[in-house]
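We name chains A, B, ... by the order of the sequence lines, and we start the count at 1 in each one. Small disclaimer: the values here were computed from a predicted structure and weren't measured.
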Amino acid sequence: MPQDIYDKVMMLAKRRGFIYPSFEIYGGCAGFYDYGPLGSRLKQNLENLWRSFYLLKDNCVEISTPTITLFEVLKASGHVDEFTDLTVDCKKCKQSYKVEGIIGEGISVEKAIKNNKVKCPTCKTILKNPYNVNLMFSTKIGIGQSRDAFLRPETAQGIFTDFHLLYRHAREKLPFGVVQIGKGYRNEVSPRQGIIRLREFSMAEAEIFFDPNDKTHPNFKDVKDEVLFLFDNEKEMEITLEKAVQTGVINNQALAYYMYLTQEFLMTAGINPEKFRFRKHSDDELAHYAVECWDAELFSERFGWIECVGIADRSAYDLISHMESTGTDMYALRKYDEPKIVDVKKIVPDMGKLGPLFKDKAGKIKTLLENMDVKDNEKIFVDIDGKTVEVPSNCYKIVETKEKQIGEKFVPHVIEPSYGIDRILYCILEQNYAEVKKKDEEYRLLKLKPEIAPIKVGVFPLVSDERLVKIAKIVDKNLRNAGIATYYDEGGTIGRRYARMDEIGTPFCVTIDHDTLKDKSVTIRDRDTTKQDREKIEDIIRHIKNKISC
RNA sequence: GCGGAUAUGAUCUAGUGGUUAUGAUAGUGGCUUCCCAAGCCACUUGCUCGGGUUCAAAUCCCGGUAUCCGCACCA
């Protein structure tokens, strides 16, 4: 017998084609799951609902970037270093430890290893041969002189590396938002808990770029009196957006607004408000790139509170990182009301001298000189390929000019709502799973919201009378042509067909019966009430569309 | 990765060192023409993988894999 709701949900998910273990005929592989026919559709609907919030309500744009990401990108973003743990094994205790976690504070990892200071916390054996564990999947691009790459651990970097182009696309106005829905990959040590912790997972991320001096949101005023459900690690509280920002509970309007958008999205997707809350990250659990982060947590009877969405203020961390490692301009411009005329001192390199002296380095030095702050009567040094080199004073001139400045440059800050689609999808299944007794028999149904249900309408002839079948097939075809996902079924009894639809979360069933032949009306049955309305055939499409519209 | 438990059709489950592996659900075809999993008939699908012990292994032993629980990990 199934133990708990997780077992029951996963049982139903597998039996009905929502979720299968991947490669099962080869023994399966931990951390990988397939979405079956209904699961794929449910996921698509969930993603499209998400799009309606971010692309329509919030007017973001969507892009799509490769899942295979150059080493250099993830080196710059900090993932190569921060994602790596130096690990040692104790052969006696058969345990693995992070070196960082078992050495004393204030000692560097390198020193600790050199001086044999790495000891097993259990048996005090001196541990040797540390090795790096990186949670990213690595790969190579091309053969021969190949380039190192990783499967991306988040979709965000693709947006950051396109920033300068996207900023132009947004016609150089802030704030603007860019989203991406796609796969992310983390080579988890031991994934468990079904689709809660996958090695390949679906994420929906939005990066909204703000002027750091102005993290207000244009839509904030429309929603400022709405209530957020917060949890401060001790008690739950309800607070309006306006009050939360005023009192500093939430740092800025932008964060608060995206928290609200997240809350609305999840409620629309069928999350139970009582199984939902926002929790603020404490300082020591913040990711390496974040300065403030709120998680939307959803409650699972099996797993407790699950982190399903993270809404982080990443500040200018990522754009600065990529700018520093590539030299690409990732600034935005804050325009002055009136252009200013300012005196500017500039270094003008003399390439006639620089060239012969520095050869192939001359070009780089030229760029460095041009971007340098000018100080009078000081020697000029540049860092080139890790070396500090003096530039002789005859290689440049300092020129004073008047320049018109129309604004000041700054690196935008990023607010990032990041959604774990698979986790949300599991919680929707669990929270909408219901059992009732019908004639002493256990009766299962998924009370999925019509917006995301994989099948919207079951279409049945009451009996397999040819006249009814003919009409039913036409009704079914018309619904599908109108963009409504249907399931046509004439097998078994009518009760059995209703039951099949209830179990996969189909909100409505249209039945063609004997009265249809007389007055061209059909019954529309509601999944949750099992009540039936009669409607004219020509009104069905409009009627259903009304019920499933977001 | 460490320790423990488990593994039988699509799903759940009985089972014993010895013929053709139990039952239910689901599914398919037919009868029934039925508005909430009705009934009847027929049919489909299985012992996690590899090795060992044995005359004989789904059953006992070892190993792999997966799942669940605990520890560690989860930026």
The criterion is salt bridge (Lys or Arg N to Asp or Glu O under 4.0 Å); which residues satisfy it with [X], sequence neighbours excluded?
{"X": "Glu416(A)", "value": "Arg314(A)"}
{"X": "Lys477(A)", "value": "none"}
{"X": "Lys140(A)", "value": "Asp148(A)"}

Using salt bridge (charged side-chain N to carboxylate O under 4.0 Å, His left out), reason through Lys43(A) and Glu47(A) one step at a time and then give a plain yes or no. CA-CA 6 Å; Lys43(A) 182 161 164 278; Glu47(A) 288 169 350; 3.4 Å; yes
Ignoring backbone atoms, test whether [X] places a side-chain nitrogen or oxygen under 4.0 Å from the OP1 or OP2 oxygen of [N].
{"X": "Tyr6(A)", "N": "C68(B)", "answer": "yes"}
{"X": "Arg16(A)", "N": "U11(B)", "answer": "no"}
{"X": "Arg15(A)", "N": "G27(B)", "answer": "no"}

Applying a 4.0 Å non-hydrogen cut-off, can you work out what Ala499(A) is touching in the nucleic acid: base, sugar-phosphate, or nothing?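 The answer is base, as Ala499(A) lies within the cut-off (heavy atoms under 4.0 Å) of a base atom.
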Classify Pro153(A) by what it touches in the nucleic acid, base, sugar-phosphate, or nothing, heavy-atom distance under 4.0 Å. base
[N] to [M] separation - [atom1] atoms, rounded to the nearest Å:
{"N": "A57(B)", "M": "G18(B)", "atom1": "C1'", "answer": "10 Å"}
{"N": "A7(B)", "M": "C40(B)", "atom1": "C1'", "answer": "37 Å"}
{"N": "G3(B)", "M": "C12(B)", "atom1": "P", "answer": "28 Å"}
{"N": "C62(B)", "M": "U53(B)", "atom1": "P", "answer": "15 Å"}
{"N": "U59(B)", "M": "U16(B)", "atom1": "C1'", "answer": "7 Å"}
{"N": "U48(B)", "M": "U8(B)", "atom1": "C1'", "answer": "10 Å"}

Salt-bridged, Arg197(A) to Glu188(A), with N to O below 4.0 Å?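 Result for this pair is yes, salt bridge flagged.
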Any residue of residues 177-205 of chain A with a heavy atom less than 4.0 Å from an atom of RNA chain B: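 Only Arg186(A), Glu188(A), Val189(A), Ser190(A), Arg192(A), Gln193(A), Gly194(A), Arg197(A) qualify.
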Just do the side-chain contact (heavy atoms from CB on, under 4.5 Å) check on Glu535(A) and Val510(A) with the steps written out, would you? CA-CA 10 Å; Glu535(A) 292 286 337; Val510(A) 169; over 6 Å; no
Given that Lys14(A) and Met136(A) both sit by RNA chain B, which one's nearest nucleotide is further toward the 5' end?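 Comparing both residues, the 5'-ward one is Lys14(A).
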If a stem is a run of at least 3 consecutive Watson-Crick or G-U pairs, both distances under 3.5 Å, which stems include RNA chain B? B:1-7 with B:65-71, B:10-12 with B:23-25, B:26-31 with B:39-44, B:48-52 with B:60-64
Which residue, Phe276(A), Phe231(A), Phe299(A), Phe278(A), forms the ring-ring contact (aromatic ring centres under 6.0 Å, His included) with Trp305(A)? Phe299(A)
Given protein heavy atoms under 4.0 Å, the one-letter contact record of nucleotides 29-35 of chain B, with B base, S sugar-phosphate only and - none, is simply ----BBB
Would you sort out whether Phe137(A) and Arg199(A) count as a side-chain contact (heavy atoms from CB on, under 4.5 Å), showing the intermediate values? CA-CA 9 Å; Phe137(A) 285 97; Arg199(A) 288 185 165 127; 4.2 Å; yes
Which residue, Arg496(A), Arg525(A), Arg527(A), forms the salt bridge (Lys or Arg N to Asp or Glu O under 4.0 Å) with Asp502(A)? Arg525(A)
Tell me whether the centres of the aromatic rings in Phe460(A) and Tyr498(A) are closer together than 6.0 Å.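 Centroid separation for Phe460(A) and Tyr498(A): below 6.0 Å.
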With a 6.0 Å cut-off on the ring centroids, do His322(A) and Phe163(A) count as close? no
